[in-house]
Amino acid sequence: MQYDSVHRGQSRASLLTTERFESSYDTIAQFIGAPSRKNIILYRNTTEAINSVMYSLMTEFKDGDNVISTLMEHNSDYVPWYGLCKEILPKFGINVGCRLAKFDKETGELDLTHLKSLVDKRTKLICCTSASNFLGTKTPIKKIREIANSSGYLQPNGERKSYLLIDGAQMVPNMFTDVRELDVDFLVWSFHKMLAPFGVGALYAREELLREMRPFLYGGDMIAEGKVSLKKVEYNVLPWKFTAGTPNILGTILSAQAVKLLMDFSLNPGQYKYFMTDKILERQDVEKAMKNIEDHEKALIGEALKILREIPSIKTYGPKHPENRTSLVAFTCEHKTPVEIAEELNKLGIESRAGCHCATLAHHYYRLDPPATCRLSFYMYNDIEDVRRACLAVKKICLVLW
Ligand SMILES: Cc1ncc(COP(=O)(O)O)c(C=O)c1O
């Protein structure tokens, strides 16, 4: 492939790369049902995408406002808000509360009553995961949207509602996602969880918000051509207003191709309808592909839960029923630490992960000491035999008493 930097050169290579780069934004927009590429901003990962929202909105917060997150968040969707409320804004004499909604420790479900009780007319933003990377819980986005809508917060553009930011890192790769149907203001996720290389994460946002929001990063390429002076700097059109500096060009192109590959694998393994083509993603194909993945994952997690729950020394976390969860399961064992289990699984060629999975608040909420669980995660490339092998290995490891 011929390639050069984007938006800069007159060379054939640069023009070609620019076209591929820009059309990758279209693919990503099509995948989540966004109106256009103008709604898609690409960053390094979910974490950076959330931070970008935090920095872009920072100057809009008023003294007495609050932000709500939850106890089941990944640190990516809590620590930026902690930083904003406890470290940054107080330096400017602005006090903004950071509130955390609880979840039910037994069922792993988000406590909507508690969430609602935290919301008031000073709640600028609710930040919530759509699926916990520790509990596997899927959260009811539409109900959370209703709660956000009911706050009456007066946003700078005259809207009266709290904005809703959804951390979709565990949703977009696993479930059909339609941002217009979900009616979210911001959605973030990473492509490395959906067959792409590491290094690209996305922010979807409503166009009217992006138009008014401050850029997160300032510099080259995010400015309107020639419109830079000491008096005034004007910004590029969307989405390039939020793409300062040389972007991750190859990562972007590969992420869009990974989306196409994932669709092809799911729709018709061995046949390539989208991968390496310029085809627009048909909405019904996206829906079918993602429903296939979701159904497959439900079968996998159902089997995992069945085997793990037969092991008396094991406690699994999160919803009991596969319908209400994604295809990962975290557990603790009475006789072994999570790290011991993960190390023994590794010796058997089974990859798991021990630790708090960056869901530190939730691990403390369960008073886990050390704040750790062992987690098995399954994806579209796993089959039921992989699940059985992994869970029976856990059984063997955890039944040994000493
Ligand atoms: C729910 C959730 N949010 C956020 C993240 C952070 O993603 P990244 O490391 O790509 O920023 C993860 C990653 O595991 C996650 O599962």
Side-chain angles (χ1 to χ4, degrees), residues 28 32 40-55 68-83 100-101 103 108-110 125-141 144 164-175 177 182 184 186-204 216-217 248 251-252 254-255 258-259 293-294 297 301 317-319 324-330 342 351-363 365 371-380:
I28 293 165
I32 57 159
I40 305 296
I41 315 294
L42 297 182
Y43 291 113
R44 286 186 305 154
N45 47 42
T46 301
T47 305
E48 194 170 88
I50 295 174
N51 273 273
S52 80
V53 177
M54 188 272 275
Y55 282 107
I68 297 179
S69 184
T70 84
L71 278 174
M72 65 165 76
E73 293 315 296
H74 189 286
N75 288 332
S76 297
D77 198 27
Y78 165 61
V79 181
W81 308 114
Y82 165 90
L100 292 171
F103 61 87
E109 305 292 348
L110 186 63
L125 185 71
I126 298 180
C127 308
C128 183
T129 187
S130 45
S132 155
N133 72 322
F134 158 42
L135 302 165
T137 315
K138 293 178 188 168
T139 58
I141 301 179
I144 301 168
L164 176 61
L165 180 149
I166 291 292
D167 173 356
Q170 297 287 335
M171 171 178 74
V172 179
N174 303 301
M175 286 170 247
T177 304
L182 293 173
V184 294
F186 304 99
L187 172 74
V188 293
W189 78 99
S190 296
F191 287 92
H192 69 260
K193 294 185 190 298
M194 44 192 302
L195 310 183
F198 296 100
V200 183
L203 164 68
Y204 154 86
F216 161 48
L217 294 170
N248 181 353
T252 300
L254 289 176
S255 294
V259 165
I293 293 176
E294 200 179 345
E297 290 185 353
I301 195 63
Y317 295 82
N324 307 338
R325 56 186 299 157
T326 57
S327 59
L328 55 82
V329 55
E351 288 182 20
S352 64
R353 184 172 155 193
C356 70
H357 322 292
C358 296
T360 317
L361 291 171
H363 280 71
Y365 192 43
T373 50
C374 183
R375 186 184 69 184
L376 289 170
S377 313
F378 307 102
Y379 197 39
M380 61 184 294

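Note that ligands are numbered from 1 as they come in the structure, with each ligand's atoms numbered from 1 the same way.
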> Can you tell me which residue and heavy atom of the protein come closest to atom 16 (O) of ligand 1, and the distance to 0.1 Å?
Replying inline: Gln170 NE2, 2.7 Å
>> Among all the protein's non-hydrogen atoms, which is closest to atom 7 (O) of ligand 1, and how far away is it?
In response: Thr46 CB, 3.5 Å
> Considering only heavy atoms of Ala169, which atoms of ligand 1 have at least one such atom less than 4.0 Å away?
Replying inline: 1 (C), 2 (C), 3 (N), 4 (C), 12 (C), 15 (C)
>> Residue-level breakdown please: for His192 versus ligand 1, do any non-hydrogen atoms fall below 4.0 Å on the side chain, on the backbone, on both, or on neither?
In response: side chain
> How many angstroms lie between CE in Met171 and CD in Glu294, if you round to the nearest 0.5 Å?
Replying inline: 10.5 Å
> Of the options Asn75, Thr373, Asn133, which is the one that meets His357 in a side chain to side chain donor-acceptor pair (under 3.5 Å)?
Replying inline: Thr373
> Between Trp81 and Leu165, is any pair of side-chain heavy atoms under 4.5 Å apart?
Replying inline: yes
> For ligand 1, which atoms, with element, lie under 4.0 Å from some heavy atom of Ser76?
Replying inline: 4 (C), 5 (C), 6 (C)
> Which residue from Thr47, Val200, Thr129, Asp167 reaches closest to atom 4 (C) of ligand 1 through any of its heavy atoms?
Replying inline: Asp167
> Side chain, backbone, both or neither: which part of Lys193 has a heavy atom under 4.0 Å from ligand 1?
Replying inline: side chain
> Any side-chain donor paired with an acceptor under 3.5 Å for Ser190 and Thr46?
Replying inline: yes
> How long is the gap from OH on Tyr317 to NE2 on His363, to the nearest 0.5 Å?
Replying inline: 7.5 Å
>> Over 60° means perpendicular and under 30° means parallel, so tell me whether Phe198 and His192 are parallel, tilted or perpendicular.
In response: tilted
>> Regarding atom 12 (C) of ligand 1: of the candidates His74, His357, Arg353, which has the closest heavy atom?
In response: His74
> ligand 1 and Ser190, any nitrogen or oxygen pair closer than 3.5 angstrom?
Replying inline: yes
> To the nearest 0.5 Å, what is the distance between CD1 (Ile28) and CZ (Phe191)?
Replying inline: 3.5 Å
